[in-house]
Number of protein chains: 2
Amino acid sequence: MNSFTEENYLKAIYHLSKDDGSVVTTNSISEAINTTAASVTDMLKKLAEKKLISYVKYQGSTLTESGRMAAANIIRKHRLWEVFLVEKLGFKWDEVHDIAEELEHINSSELIARLDQYLGFPKTDPHGDPIPDSEGNFNHKQLTKVSKLSPGQQGSISGVSEHSAIFLQFLEKTGLTLGAVLKIKEVLEFDGSVTLIIDHVKEITISREVAKNILVVI
Amino acid sequence: MNSFTEENYLKAIYHLSKDDGSVVTTNSISEAINTTAASVTDMLKKLAEKKLISYVKYQGSTLTESGRMAAANIIRKHRLWEVFLVEKLGFKWDEVHDIAEELEHINSSELIARLDQYLGFPKTDPHGDPIPDSEGNFNHKQLTKVSKLSPGQQGSISGVSEHSAIFLQFLEKTGLTLGAVLKIKEVLEFDGSVTLIIDHVKEITISREVAKNILVVI
DNA sequence: CTATATTTTTAGACTAATCTAAATTTTATA
DNA sequence: TATAAAATTTAGATTAGTCTAAAAATATAG
Ligand SMILES: [Mn+2]
Ligand SMILES: [Mn+2]
Ligand SMILES: [Mn+2]
Ligand SMILES: [Mn+2]
């Protein structure tokens, strides 16, 4: 079994390799989990020893198949718990991440199997992120950043690439929640601000930075 | 905040002081949490330093008010999670303890408040043990061991003082579950075996050892 | 009330995870 | 391509929690 700390490293490496298994640098890990690069190097050696990553000194790391499976399982638990917190306990989507960071380390495959069933085998979490199955397979949808759309195009919100509470609260307040249909009215050349119509009704303007972090299915 | 390990020590001390705040020996703690007495001594010093226990060298320890509150809160979480596992996820009463041992350390009072509400503010866990309120108050019922009853007396099962899976499975199989009504038919003088009638229907005989661990309200 | 047994504490060491400071390797740039 | 800058690793320390072996205190028994 992997320790709490090892699990957090595996998860960080998974997220940093952008779902495509690309090489992750030591510094990027240290930044992601708020430790020093020296600490990360120590842990990388240990994870390599356990065959969870392949690690080449000074070059970087990638997850092995067994490391990828372990990471996927942690992410599966995290996202299922997030669904539970929102659907059953009535938390808002900006309140659940930190609690799920703890719950994801609870160790019982029976528990997760039953939780999955209890929740009706959800495919995505409250932020639109896919929930991998128990074999670690993700069903990645083809998502487009709102910032890539041109006037006239439309899509429905299916995810966000920024999960901070402050950002999620802003979206909630503005009506930019999962499932909302957006139609681009105008993209301001000056700074990339996007004016759009939500659900064919409400017109608003968002900054390019906000637009980059909202993902739609066209 | 107290560490995972500190929480386990506090809980062990609470359970060992028999709900009445009596002094707990170092050896009894080491036995309860499967560590050496030397390790326990180290931890007792730390807990005393944090004012969670009062500790007199060579004499033993008792929880302070703040230590008692901390312990009650862990027990509250443990028992609420056990209710969740049985009522919502369909686990059996002999399967939930180990998972609850992990879940009890999740840190979020908001989570526990919502879970409590979601479960309908249960007063007891699946083993009949009382769930303390958020102020740490236990509502101890007046329970009697079946081994203390005489022929003709009856009571309804309201708790067990042994929580091992093997014992709970035996009770389940025999029909000795929470709420069952027992009427004592005979107590064998030879070894204290008890013959009783369950729910006015089924007659069975149990050993004195089993009878000692079943608790009833008369 | 002394000798022995039991309980508890102390001393010293180990592991996991972390850090700072220094050394080494890689990358960028002039 | 040599040097400077940036990234990474190594060396050496620290903290929490644990252990074994030995010492000290307390309890028990003749
Ligand atoms: Mn999350
Ligand atoms: Mn999420
Ligand atoms: Mn339990
Ligand atoms: Mn219980």
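Naming: A, B, ... by sequence-line order, numbering from 1 per chain. Heavy atoms only: backbone and side chains are in, while hydrogens, waters and symmetry mates are out. Computed from a predicted structure; not experimentally measured.
With sequence neighbours left out, B:Glu162 forms a side-chain hydrogen bond (donor to acceptor under 3.5 Å, both in side chains) with B:Ser164. When the side-chain hydrogen bond (donor to acceptor under 3.5 Å, both in side chains) test is applied to B:Thr36, the partners found at least two apart in sequence or on another chain are B:Ser39. In this structure A:Ser28 satisfies the side-chain hydrogen bond (donor to acceptor under 3.5 Å, both in side chains) test together with A:Thr25, sequence neighbours excluded.
We find that B:Arg79 and B:Glu104 are not joined by a salt bridge, their nearest charged nitrogen and carboxylate oxygen being 4.0 Å or further apart. Ion pairing between a basic and an acidic side chain is recognised when a charged N comes within 4.0 Å of a carboxylate O; A:Lys45 and A:Glu49 show no such pairing.
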Revision key, fill the gap. In B/S/- notation (B base, S sugar-phosphate only, - none; protein heavy atoms under 4.0 Å), nucleotides 2-7 of chain C written 5' to 3' is -----S

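Residues A:Ala211 and A:Val194 approach most closely at CB-CG2, 3.9 Å, considering heavy atoms.
Remark: A:Lys88 is positioned above the aromatic ring of A:Tyr118, its terminal NZ or CZ atom under 6.0 angstrom from the ring centre and at most 45 degrees off the axis. Under a cutoff of 6.0 Å and an axis angle of 45°, A:Arg68 and A:Tyr14 do not form a cation-pi pair.
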Name the pairs: protein N/O against N/O of nucleotides 4-6 of chain D, kept only if under 3.5 Å.
none

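The shortest distance between the side-chain N/O atoms of B:Tyr9 and the OP1/OP2 oxygens of D:dT18 is below 4.0 Å. The phosphate of C:dT9 has OP1 or OP2 within less than 4.0 Å of a side-chain N or O from B:Tyr55.
The stretch residues 32-45 of chain A touches DNA chain D through A:Ala37, A:Ala38, A:Thr41, A:Lys45, each having a heavy atom under 4.0 angstrom from the strand.
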Check your understanding: salt bridge (Lys or Arg N to Asp or Glu O under 4.0 Å) between A:Arg76 and A:Asp116: does it pass, once the steps are laid out?
Key -> CA-CA 10 Å; A:Arg76 171 171 162 78; A:Asp116 192 21; 3.2 Å; yes

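The nearest whole Å value for the distance from the NZ atom in A:Lys57 to the P atom in C:dT24 is 11 Å. The CD1 atom of A:Ile29 sits 13 Å away from the P atom of C:dT18 (whole-angstrom rounding). The interatomic distance linking A:Glu49 (CD) with C:dT15 (P) rounds to 14 Å, in whole Å. Distance, A:Glu6 CD to C:dT15 C1': 12 Å, rounded to whole Å. For the pair A:Gln59 CD and C:dT25 C1', the interatomic distance rounds to 9 Å; values are reported in whole Å.
In this structure, A:His140 and A:Phe138 have parallel ring planes: the angle between them is below the 30° cut-off, well short of the 60° mark.
Donor-acceptor pairing under 3.5 Å is lacking for the side chains of B:Asn2 and B:Glu7.
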